[in-house]
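Quick one: structure below, then a few questions.
Side chains included, hydrogens not; waters and symmetry mates left out as well; all remaining heavy atoms used. Atoms within each ligand, like the ligands themselves, are counted from 1 in listed order.
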Amino acid sequence: MPDNLLMQVSVFHTPELVPEGTPDCAVAVDVLRATSTIATALANGAAAVQVYADLEALGAAAAGYPREDILRGGERGGKQVEGFDFGNSPLYCTSERVAGKRIFMSTTNGTRTLERIRHAPVVLTAALVNVGFVARYICSQAFETVWIVGSGWQGNFSLEDTACAGALVDQLGGAANDEAVAAAALFDTWQGDLIELLERASHGQRLLKLGLLDDIVYCAALDTVSALPRQTAAGVLVQGMA
Ligand code: 3SL
């Protein structure tokens, strides 16, 4: 663990557990699948990903752009929302489909997490696929407080988000709250078999029933996507890597 004594790193398992106050940097995590999809879309050239917890607000914002310039991603309960271009699969976000497009996205839990932390001066998203890139960026800054917020599932803890938070904690060092220590222990235990961990997770089980094993395998891979999703305006994420 790096010797980063000045940084106070806190993990919160769900957006509901985030306290009042504002950290220097807040990181949203939704390994299955919102933040894996955001990282993939931006690494493959999407102009931006705009996130909305509410489908009506998404529709109103998207209506301000020419149809050919945008894609709409909508997921509820793991399934694609009717009338949307895609659900929430990172595998949809190839460069052929997303390069140059502005993506309007709403998902069950991940977009709610981003709404909860949107007032922090620096807002990032992380998934297993890009956790190392996010960690390197945070370590290069002089943040005193970093909050890592899992999305969970409808208010409940999720294994995959906590494991990803633990991967970040391992790489950041600093002083950690109890949840961060537990998250690091979870990641350390499972880092050699992340596919198995995601398959055991309750949301992994839900996705398996929908036939989405390929998404799970993709989301379980460590550091395969070069992306630093960073908020530039409330709910608007762009690629922050040079
Ligand atoms: O809950 C969410 O935000 C989603 O990422 C869930 S799903 O993996 O798309 O089903």
Practice task
Could you tell me whether G110 and ligand 1 have an N or O pair separated by under 3.5 Å?
Solution key: yes
Handout entry: Side chain, backbone, both or neither: R33 near ligand 1, heavy atoms under 4.0 Å
Key = both
Practice task
Find all atoms of ligand 1 within a distance of less than 4.0 Å from any non-hydrogen atom belonging to T107, and give their numbers and elements.
Solution key: 2 (C), 3 (O), 4 (C)
Handout entry: Min heavy-atom dist H203 to ligand 1 below 4.0 Å
Key = yes
Problem - Nitrogen or oxygen atoms of G77 and ligand 1 under 3.5 Å apart - result: no
Exercise for the section: For the pair E115 and R112, evaluate salt bridge (Lys or Arg N to Asp or Glu O under 4.0 Å) and give the outcome as yes or no after the intermediate values. Expected result: CA-CA 5 Å; E115 283 211 336; R112 286 175 47 239; over 6 Å; no
Practice task
Verify the neighbour count for atom CD of E68: are there more than 12 heavy atoms of other residues, nucleotides or ligands below 6.0 Å?
Solution key: yes
Exercise for the section: Show which atoms of ligand 1 fall inside a sub-4.0 Å distance from at least one heavy-atom site of G78. Expected result: 10 (O)
Fill in the blank from the handout: Note: D30, heavy atoms under 4.0 Å from ligand 1, region reported as side chain
Handout entry: R97 NZ/CZ over Y92 ring centroid, <6.0 Å and within 45° of normal
Key = yes
Handout entry: 4.0 Å heavy-atom contact, T113 with ligand 1
Key = no
Handout entry: Check: Y218/R33 side-chain N/O donor and acceptor closer than 3.5 Å
Key = no
Practice task
Count the heavy atoms belonging to other residues, nucleotides or ligands that lie under 6.0 Å from CD of Q154, then report whether that count exceeds 12.
Solution key: yes
Exercise for the section: Return yes or no for this condition: an N or O of W153 is under 3.5 Å from an N or O of ligand 1. Expected result: no
Handout entry: Under 3.5 Å donor-acceptor, T162 side chain and L159 backbone
Key = no
Fill in the blank from the handout: Going by the 4.0 angstrom heavy-atom rule, the piece of T37 near ligand 1 is neither
Handout entry: Ligand-residue contact atoms, ligand 1 with N88, heavy atoms, under 4.0 Å
Key = 4 (C), 5 (O), 7 (S), 9 (O)
Handout entry: Contact atoms of ligand 1, heavy-atom distance to L32 under 4.0 Å
Key = 4 (C), 5 (O), 6 (C), 8 (O)
Practice task
State yes or no: are the ring centers of Y65 and F104 separated by less than 6.0 Å?
Solution key: yes
Handout entry: Basic-acidic side-chain contact under 4.0 Å: R200, E196
Key = yes
Practice task
Could you say whether the N/O atoms of T111 and ligand 1 ever approach to under 3.5 Å?
Solution key: no
Practice task
Could you tell me whether the side chains of Q50 and R102 share a donor-acceptor contact shorter than 3.5 Å?
Solution key: yes
